[in-house]
Each structure stands twice: as C-alpha cells, then as structure tokens.
Amino acid sequence: MGQLPKSRIEQLKREKREAKAAKKRKVATREKIVRFLVVCEGERTEPNYFRELVRDRYSEVRSEEIIGEGRSTCVLVKKTEEIRERLERQRQLKFDRVWVVFDKDDFNDFNEAISLAERKGYKAGWTNEAFELWYLLHFTFLDAAVSSADYISKLETEIRRNEDYQDYKYHKNDKGIYALLQSIGNEALAKRLAEKLRRFFEHTLDYKSHKPCTTIDLLVDELEHPENLLKDGD
C-alpha cells in the first residue's frame, strides 16, 4: 500500500486538531455554567425571594432550581439529598452548588442540620432565628436575640419610615418583598451587617447560640455572582 500524499497527511492532521479544539470548546462551554440547587424550608416565603432575585439578576453562567419543600432542619437536609439525586438522574447533569435554606425557630436539631449539610457537601443557608432577619438587615443593625414576631414588627417599623409605605403590613408569602427591599432597602448594607453578626460568634460552632445570625448573604452573593465560583474554581 502506497504512502499517503503529503497534502492528505496535512489535511488529516488539521482535521484532528480541529476535532480536538471543538471538544475542548464543548467542555469549556459546559464548565462555564454554575448549576445551583436551592431547597428551602418554607414553601413560598424563601423561594419567592430567591426566584425574584435570579429573575432580577440574570446571569448567562448560572442555572438554578429553587424548591420550597415545607420541611425543616435535618429532615430538610435528607429530603434535599433525595431531590438532588432525582434531578441529577433525570437531567444527567450534576449540580455544582447545593444550598439548604432553613431557620432555627424552635427546632432542637439546628446544629445537627448544619453539620449534616456540611458532611454531604452542601451549603447551609441558615438564619437564627428567622429568615426575616435578612430582610431587616437591609435597613438596620440588630444584635439582640428577639423572637420571630419581633423581627416582623421591627421590619414593618423600618419600612414605614418611607413615606410611600406608611401603612405597610408584612405578609410572609409576599412575592413583592424582593422588589421592595431593592427599592427602599440597602442590600450592600445587609451583607455587611450579616458578616458583622457572624464575627461575633467566630469562637464557637454552637450555631443555636448564634442569635441573631445568618448566612443568607453568602447564598445571595453566589447567586448574584456565579462567575466568581468559576474564577475561584470552588
């Protein structure tokens, strides 16, 4: 059998290089998407907030599945495992970031839920005592341990300071809360104050004693800036 002409050899080499480059581009494109699974304790309050956030902060490098499960703490973490496995089987794609969102409220397994989430490789978006603390931090600092009802009362007071909202009444499932916070609140302030609260409790992993405290700002930041995860290779 004769040797291939030089031109044909060069053509085959070129085709091989192009095929290799195309494969690299396909892999690179796939890896430029950060896939989030966010499973929330509340069926509507937290999911409504996060859905409005991602609708407002479009990113071409983020895809997200946001689910309200109506379960709490350790039960929620275990349910998240089921949801993740089912969705990954259906889609044949793994999630890059799994967040479990829950409050302390009156649950006794709060610490265990955070530890369980970490062992499974999930991120815990927790608040002690209630999710409304994150809303309140858009307006003012709070370092006193108060009840969930007090968070709502203080939040209403802060919002009513705005002349357009003097008769404001908070409703837990309000789809408009995200837009309201963006309009008259200060998200950058909320992030700084959430970090400040966490610094108060750096010396202990007894999360149930971290009151008030939250990590919701970390989830918000990831959803708003998924490109940072690609940059960090996290």
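- Sparse packing is recorded around CD of Glu60, with 12 or fewer heavy atoms of other residues, nucleotides or ligands lying under 6.0 Å away.
- For Arg86, there are no salt bridge (Lys or Arg N to Asp or Glu O under 4.0 Å) partners two or more places apart in sequence or in a different chain.
- For CG of Asp106, the number of neighbouring non-hydrogen atoms (other residues, nucleotides, ligands) closer than 6.0 Å is 12 at most.
- In this structure, the side chain of Gln92 engages the main chain of Arg89 through a donor-acceptor pair within 3.5 Å.
- For Phe36, there are no ring pair (Phe, Tyr, Trp, His ring centres under 6.0 Å) partners at least two apart in sequence or on another chain.
- Contacts of Phe95 classified as ring pair (Phe, Tyr, Trp, His ring centres under 6.0 Å), with partners at least two apart in sequence or in another chain: none.
- Following chains of ILVMFWY side-chain contacts shorter than 4.5 Å, one can reach Ile152 starting from Ile216, so the two form part of one hydrophobic cluster.
- Contact between Ile159 and Ile184 at its shortest, heavy atoms only, is CG2-CD1, 3.9 Å.
- Contact detail for Glu187 and Gln182: the closest heavy-atom pair is OE1-NE2, 2.9 Å.
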*asked:* Let's go through Asp105 and Glu41 carefully: what are the C-alpha distance in whole Å and the side-chain angles of both, what is the deciding distance for side chain to side chain contact (heavy atoms under 4.5 Å, CB included) to 0.1 Å, and is it a yes or a no?
replied: CA-CA 11 Å; Asp105 292 324; Glu41 168 188 66; 3.9 Å; yes

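- Clustering of Ile, Leu, Val, Met, Phe, Trp and Tyr by side-chain heavy atoms under 4.5 Å joins Tyr58 with none of the others.
- Every pair passing ring-ring contact (aromatic ring centres under 6.0 Å, His included) that includes a residue from residues 140-198 is listed here, sequence neighbours excluded: Tyr49-Tyr178.
- The line from CG of Leu205 to CD of Glu118 is 8.0 Å long, rounded to the nearest 0.5 Å.
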*Steps toward side chain to side chain contact (heavy atoms under 4.5 Å, CB included) verdict (Arg35, Leu93)*: CA-CA 9 Å; Arg35 295 178 178 84; Leu93 284 170; 3.6 Å; yes

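- Salt-bridge formation is detected for the pair Lys208/Asp206: a Lys NZ or Arg NE/NH1/NH2 atom is positioned less than 4.0 Å from an Asp or Glu carboxylate oxygen.
- A donor-acceptor contact closer than 3.5 angstrom is absent between the side chains of Asn48 and Asp174.
- Taking the salt bridge (Lys or Arg N to Asp or Glu O under 4.0 Å) definition, one finds that Lys79 meets it with Glu82, sequence neighbours left out.
- Of all non-hydrogen atoms in Gly125 and Trp99, the two that sit nearest each other are N-CE3, 3.6 Å.
- Ala117 is linked by a side-chain contact (heavy atoms from CB on, under 4.5 Å) to Val77, Tyr122, Ala124, counting only residues two or more places apart in sequence or in another chain.
- Annotation: side-chain hydrogen bond (donor to acceptor under 3.5 Å, both in side chains) contacts of Glu195 (sequence neighbours excluded): none.
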*Take Leu189 and Phe139 through the test side chain to side chain contact (heavy atoms under 4.5 Å, CB included) and record every step on the way to the result.*
CA-CA 8 Å; Leu189 173 66; Phe139 301 95; over 6 Å; no

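- Applying the salt bridge (Lys or Arg N to Asp or Glu O under 4.0 Å) test to Lys172 and every residue at least two apart in sequence or in another chain returns Glu132.
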*Give the intermediate values and the outcome of salt bridge (charged side-chain N to carboxylate O under 4.0 Å, His left out) for residues Lys231 and Glu227.*
CA-CA 6 Å; Lys231 197 183 309 177; Glu227 68 278 3; over 6 Å; no

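- Between Ile66 and Val54, the shortest heavy-atom contact is CD1-CG2, 4.2 Å.
- Once rounded to the nearest 0.5 Å, the distance linking CG of Leu133 with OG of Ser148 reads 10.0 Å.
- Partners of Ser115 according to the side-chain contact (heavy atoms from CB on, under 4.5 Å) rule, which considers only residues two or more places apart in sequence or in another chain, are Arg119.
- Placement of Leu116 and Val75 in two distinct hydrophobic clusters is found when ILVMFWY residues are connected by side-chain heavy-atom separations under 4.5 Å, directly or transitively.
- Classification of Glu129 and Lys211 as a salt-bridged pair holds, one side-chain N sitting under 4.0 Å from a carboxylate O.
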*asked:* side chain to side chain contact (heavy atoms under 4.5 Å, CB included), that's the test. Do Ile83 and Glu69 meet it? Break it down for me.
replied: CA-CA 10 Å; Ile83 294 170; Glu69 188 54 37; 3.6 Å; yes

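- When every heavy atom of Pro226 is checked against every heavy atom of Val61, the shortest pair comes out as CG-CG2, 3.8 Å.
- Checking Ile67, Leu219, Leu76, Thr215 one by one against Val101, the side chain to side chain contact (heavy atoms under 4.5 Å, CB included) holds for a single residue, Leu219.
- By the criterion of side-chain heavy atoms lying less than 4.5 angstrom apart, applied directly or through intervening Ile, Leu, Val, Met, Phe, Trp or Tyr residues, Ile177 is grouped together with Trp134 in one hydrophobic cluster.
- Among residues two or more places apart in sequence or in another chain, the salt bridge (Lys or Arg N to Asp or Glu O under 4.0 Å) test is passed with Arg161 by Glu158.
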*Might you work through the side-chain hydrogen bond (donor to acceptor under 3.5 Å, both in side chains) test for Ser153 and Asp150, ending with a clear yes or no?*
CA-CA 5 Å; Ser153 175; Asp150 285 335; 5.6 Å; no

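- Leu223 and Leu230 fall within the same hydrophobic cluster, where Ile, Leu, Val, Met, Phe, Trp and Tyr residues are linked whenever their side-chain heavy atoms come under 4.5 Å apart, directly or through other members.
- Remark: Ser183 OG to His138 NE2 distance equals 12.0 Å, nearest 0.5 Å.
- Aromatic ring centres of Phe131 and Tyr135 lie closer together than 6.0 Å.
- The hydrophobic clustering, which links ILVMFWY residues whose side-chain heavy atoms are closer than 4.5 Å, places Leu53 and Leu229 together.
- Identified under the ring-ring contact (aromatic ring centres under 6.0 Å, His included) test for residues 192-218, with sequence neighbours left out: Trp126-Tyr207, Phe201-His210, Tyr207-His210.
- A salt bridge links Arg160 with Glu156: the closest approach of a Lys/Arg side-chain nitrogen to an acidic carboxylate oxygen falls below 4.0 angstrom.
- Atoms CG and SG, from Asp143 and Cys213 in turn, are 11.5 Å apart once rounded to the nearest 0.5 Å.
- Among Leu181, Asn186, Leu197, the one residue that satisfies the side chain to side chain contact (heavy atoms under 4.5 Å, CB included) test with Leu137 is Leu197.
- Note that CZ of Arg91 and NZ of Lys94 are 13.5 Å apart. Values are rounded to the nearest 0.5 Å.
- Side chain of Arg97 to backbone of Glu222: no donor-acceptor contact under 3.5 angstrom is found.
- A salt bridge (charged side-chain N to carboxylate O under 4.0 Å, His left out) with Asp217 is found for exactly one of Lys196, Arg198, Lys191, namely Arg198.
- Distance check, rounded to the nearest 0.5 Å: CG of Asp103 to OG1 of Thr214 gives 8.0 Å.
- When every heavy atom of Ile114 is checked against every heavy atom of Phe102, the shortest pair comes out as CG1-CZ, 3.8 Å.
- Contact check on Lys78 versus Glu81 returns no salt bridge, with no Lys/Arg side-chain nitrogen under 4.0 Å from an Asp/Glu carboxylate oxygen.
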